[in-house]
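Before any comments, here is the structure.
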Amino acid sequence: MDRAKQLQDPGEADRSVRANDTSAHGHGTLDHVRLPQITLQVFNGDIDEWISFRDLFTSLIHRKMDLPEVEKFHYLKGCLQGEPKSLIDSLKITKANYQIAWDLLLKRYDNSKLLKKRQVQALLNLPTLSKESVADLHTLIDGFEKVVQNLDQVVKPEEYKDLLLVNLLTTRLDPTTRRCWEEHASAKDQDTLADLSDFLHRRIRILESLPVKVLDSRTSLHAPQSSRQKTSAVKASYGSVQSSGGRCMACKENHPLYQCSAFLRMSVRERDAVS
């Protein structure tokens, strides 16, 4: 298929690049070696696959100086599916739009902080084996090595401690505090244990300075509905007893029950029996 036909019909051919194409290096000493074509990776928006897609596309297409920008854009569109495809679909395949499209993808998916978090979560979510099994052990070690390889691409060795400990601690915070931390940390490129510790100590001081009634009102808002209904029912019961007029149920005199001195001296059990 010639290049003009490829540009008219995006498809599988757009994702294939001949491995022995040496024109970008300015020599043809290896022209006699017929290497197989490399199929470019398809990217559908899965953030876990972004690094491998980005690196392969950058190496084979983006950095090729002899490949026109318009053709790079054509290759790029042929590699995308789902959300990333929709992201750049409105852009026409032109020389000027290629860099715009590439920058849009980088802005959406080349999120170093999110990539780090996802890999740490994948590491901590590896399954625990409950029985001896060759297949399960293979799956575990394969998953572990894949996560470690991905981490090595986005995390420096000196960042491991902060990354792991911050993730462990934040997963144990209540939802409100966790949200406040994420809002606090969103403006920073890297989360550190020192920053998280300072944030939590400040939050403790803030909560300690609030009146007890404020904290109790927050708790009551999140209390189970059945508890609130029970409390309302009890209040209604006492209200109906206290507002009843006529003959007193405790001493049979002509006054409300809540004004009866005999009733007020009774124990809780005795009052319940009367009411």
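Atom set for the values below is all heavy atoms of this structure, side chains included, hydrogens, waters and symmetry mates excluded. What you are looking at is a predicted structure, and each value in this text was computed from that prediction instead of being measured.
The nearest pair of heavy atoms linking Phe53 to Cys79 is CE1-CB, 3.8 Å. Looking at every heavy atom in both residues, Phe43 comes nearest to Glu49 through CE1-C, 4.2 Å. When every heavy atom of Leu60 is checked against every heavy atom of Leu40, the shortest pair comes out as CD1-CD2, 3.5 Å. Among all heavy-atom pairs drawn from Gly45 and Tyr109, the shortest one is O-CE2, 3.8 Å. Counting all heavy atoms, side chain and backbone alike, Pro127 lies closest to Leu140 at O-CD1, 3.6 Å.
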TODO: May I have the step-by-step check of side chain to side chain contact (heavy atoms under 4.5 Å, CB included) for Leu200 and Leu173, ending in yes or no?
DONE: CA-CA 10 Å; Leu200 293 176; Leu173 298 175; 4.0 Å; yes
TODO: Go through the steps to decide whether Thr176 and Arg203 satisfy the test side chain to side chain contact (heavy atoms under 4.5 Å, CB included), and finish with yes or no.
DONE: CA-CA 11 Å; Thr176 302; Arg203 186 160 182 82; 3.6 Å; yes
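Scanning for side-chain hydrogen bond (donor to acceptor under 3.5 Å, both in side chains) contacts around Gln99 gives Asp103, with sequence neighbours left out. Remark: Arg178 pairs with Glu182 by the salt bridge (Lys or Arg N to Asp or Glu O under 4.0 Å) rule, at least two apart or across chains. Partners of Ser52 according to the side-chain hydrogen bond (donor to acceptor under 3.5 Å, both in side chains) rule, which considers only residues two or more places apart in sequence or in another chain, are Gln41. With sequence neighbours excluded, the residues that form a side-chain contact (heavy atoms from CB on, under 4.5 Å) with Ala185 are Lys113, Trp181, Asp191. With sequence neighbours excluded, the residues that form a side-chain hydrogen bond (donor to acceptor under 3.5 Å, both in side chains) with Asp110 are Trp50, Arg54. Here Glu132 pairs with nothing under the salt bridge (Lys or Arg N to Asp or Glu O under 4.0 Å) rule; sequence neighbours left out. Gln190 is linked by a side-chain hydrogen bond (donor to acceptor under 3.5 Å, both in side chains) to nothing, counting only residues two or more places apart in sequence or in another chain. Remark: Lys92 engages no residue in a salt bridge (Lys or Arg N to Asp or Glu O under 4.0 Å) (not counting sequence neighbours). Every residue meeting the salt bridge (Lys or Arg N to Asp or Glu O under 4.0 Å) condition with Asp195, not counting sequence neighbours, appears here in chain and number order: Lys188.
Taking a 6.0 Å sphere around CZ of Arg179, one finds it holds 12 or fewer heavy atoms contributed by other residues, nucleotides or ligands.
From Lys85, atom NZ reaches atom CG of Leu80 across 8.5 Å, with rounding to the nearest 0.5 Å. Note that CG of Asp46 is 6.5 Å distant from CZ of Arg118, once rounded to the nearest 0.5 Å. Rounding to the nearest 0.5 Å places CG of Asp136 at 11.5 Å from OG1 of Thr128. In this structure, the separation between CG on Leu123 and CG on Leu151 is 6.5 Å, given to the nearest 0.5 Å. Here the CD atom belonging to Glu145 is positioned 11.5 Å from the CG atom belonging to Asp152, to the nearest 0.5 angstrom. Atoms CD1 and CD1, on Ile93 and Ile88 in that order, are 8.5 Å from each other to the nearest 0.5 Å.
Applying the ring pair (Phe, Tyr, Trp, His ring centres under 6.0 Å) test to residues at least two apart or on different chains, none of the pairs has a partner in residues 126-167. Applying the ring pair (Phe, Tyr, Trp, His ring centres under 6.0 Å) test to every pair with at least one member in residues 76-108, sequence neighbours left out, gives these pairs: Phe57-Trp102, His62-Tyr98, His62-Trp102.
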Validation: residues 162-170 side-chain donor-acceptor distances under 3.5 Å, sequence neighbours left out:
unit_1: Asp162; atom_1: OD1; unit_2: Leu193; atom_2: N; d: 3.0
unit_1: Thr170; atom_1: OG1; unit_2: Val166; atom_2: O; d: 2.8
unit_1: Thr170; atom_1: OG1; unit_2: Asn167; atom_2: O; d: 3.2

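Side-chain contact between Glu71 and Lys64 is absent, with no heavy-atom pair separated by less than 4.5 Å. Contact check for Asn97 versus Glu69: no side-chain heavy atoms found under the 4.5 Å cut-off. Inter-residue side-chain proximity for Leu91 and Phe73 is flagged as met; some heavy-atom pair is nearer than 4.5 Å. No side-chain heavy atom of Val155 sits less than 4.5 Å from a side-chain heavy atom of Val120. Taking the side chain as every heavy atom from C-beta outward, Leu129 and Leu137 approach each other to under 4.5 Å.
Side-chain atoms of Ser59 never come within 3.5 Å of backbone atoms of Asp55 as a donor-acceptor pair (strictly under, hydrogens ignored).
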